[in-house]
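Here the structure is laid out as structure tokens; the discussion comes afterwards.
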Amino acid sequence: METTSPTPTHEVSADVGRKVDGYLLAAFPWYGLDEAFTGPRWLMQVGAAADGTVEHGATGHGQEPTIRVDTGKDEDRFAVVVTVASRPVRRSADGTGVLEATSVSTAAWLAGSGLLARTWPSHMDRSLRQDWLDQQTMLAWELADDLGGESWSELMLPVDGAPMPFHYRESEYGWVLAGSSGDGPGGVHIGAYGRGMSAYGLAFSVVKDISSYEG
């Protein structure tokens, strides 16, 4: 089993400069839904290592989600695409440790935890949410480590026009999927999660101009 324990990254705050600035620092291409999607697009956050190297980030499509606290009547309709740099095992910036390699499981973990962060079961008391979130996040971690397990099915989706295999699962809170862009130069791992939009009709492509996702 490969581990998907989060590497030491931190979220780059949108309060410092423009939100897009963090995305522009990435040494890998960003992915989003292809041009067939004509709805709103927006930026979320990037995750960077201690030395400032951008490791992953997410682009949003559709209605920006809020934490869901109702019974789902007017359910959010969104899809978030997570791009994860393809990295081998490497030394940490300070030379004192080793950072784990990234993988499809990394993308699955980030997508699964991202969906949970925007979920709040309507029957739950506010005081219990953190316990629920901790429990469900650990479950998402375990599921991401077992992409060959029965909780996942295979879904073929276009990436830059070519069909690619993705691991896919559904829950009462939405869906999660994870795969890769391919083994060529600039290859990355792709995760996605959403609610209210079907995952079966999605197609991914390189974002040609990430600043187009700014509001």
Side-chain angles (χ1 to χ4, degrees), residues 1-7 26 28-39 41 44 46-47 55-62 65 76-88 100-119 136-137 139-208 210 213:
M1 185 194 313
E2 62 180 324
T3 180
T4 56
S5 173
T7 54
F28 54 89
W30 295 106
Y31 273 78
L33 299 186
D34 72 359
E35 61 186 13
F37 176 78
T38 58
R41 297 173 184 252
M44 298 187 70
V46 300
E55 298 283 345
H56 59 81
T59 55
H61 309 78
D76 294 339
R77 292 177 52 83
F78 69 90
V80 171
V81 179
V82 180
T83 306
V84 183
S86 180
R87 308 280 195 209
E100 297 167 358
T102 59
S103 66
V104 175
S105 288
T106 311
W109 152 249
L110 289 169
S113 58
L115 178 62
L116 289 170
R118 286 153 187 85
T119 299
Q136 294 298 312
T137 299
L139 177 60
W141 183 356
E142 293 172 354
L143 287 169
D145 265 341
D146 187 26
L147 293 178
E150 60 182 16
S151 296
W152 300 89
S153 58
E154 185 176 284
L155 185 62
M156 299 294 292
L157 295 174
V159 178
D160 294 325
M164 297 293 291
F166 282 82
H167 301 275
Y168 173 78
R169 67 177 177 87
E170 294 181 355
S171 76
E172 61 181 302
Y173 309 114
W175 51 262
V176 173
L177 59 80
S180 291
S181 65
D183 297 326
V188 297
H189 305 299
I190 298 173
Y193 62 90
R195 273 200 299 265
M197 293 174 58
S198 172
Y200 288 86
L202 300 183
F204 306 102
S205 64
V206 169
V207 177
K208 296 178 181 178
I210 193 63
Y213 275 74

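Keep in mind that the numbers below use all heavy atoms, side chains included, and drop hydrogens, waters and symmetry copies. The first residue in the sequence is number 1, and the count goes up from there.
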What do the steps show when you test S105 against L147 for side chain to side chain contact (heavy atoms under 4.5 Å, CB included), and what is the final call?
CA-CA 7 Å; S105 288; L147 293 178; 3.5 Å; yes

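When all heavy atoms of S171 and L115 are compared, the pair lying nearest together is OG-CD2, 4.4 Å. Looking at every heavy atom in both residues, L116 comes nearest to A140 through CD1-CB, 4.1 Å. In terms of heavy-atom proximity, G191 sits nearest to A107 at N-CB, 3.7 Å. Between S86 and G187 the shortest heavy-atom distance is CB-O, 3.3 Å.
Between the side chain of R77 and the main chain of G196, a donor-acceptor pair closer than 3.5 Å is present. Here the side chain of T137 pairs no donor or acceptor atom with the backbone of S113 at under 3.5 angstrom.
Between the NE2 atom of H189 and the OG1 atom of T106 there is a distance of 6.5 Å, given to the nearest 0.5 Å. To the nearest 0.5 angstrom, L110 atom CG is 13.5 Å from I190 atom CD1. Atom NE2 of H56 is separated from atom CZ of R87 by 11.0 Å, given to the nearest 0.5 angstrom. The distance from the CZ atom of R195 to the CD atom of E170 is 13.5 Å, given to the nearest 0.5 Å.
Residue F166 forms a side chain to side chain contact (heavy atoms under 4.5 Å, CB included) with just one option from V176, V104, L177, and that option is L177.
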Review item, side-chain donor-acceptor pairs of residues 152-164, under 3.5 Å, at least two apart:
from	atom 1	to	atom 2	distance (Å)
W152	NE1	L143	O	3.0
S153	OG	Y168	O	3.4
D160	OD1	V206	N	3.1
D160	OD2	Y31	OH	2.5

Enumerate, atom names and distances included, each donor-acceptor pair closer than 3.5 Å involving a side-chain atom of residues 197-204, sequence neighbours excluded.
from	atom 1	to	atom 2	distance (Å)
S198	OG	Y200	N	3.1

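Ring geometry, F37 versus H61: the interplanar angle exceeds 60°, so the pair is classed perpendicular (tilted spans 30 to 60°).
With sequence neighbours excluded, the residues satisfying ring-ring contact (aromatic ring centres under 6.0 Å, His included) with W30 are Y23, F28.
T83 has its side chain out of reach of T59: every pair of non-hydrogen atoms, C-beta onward, lies at least 4.5 Å apart.
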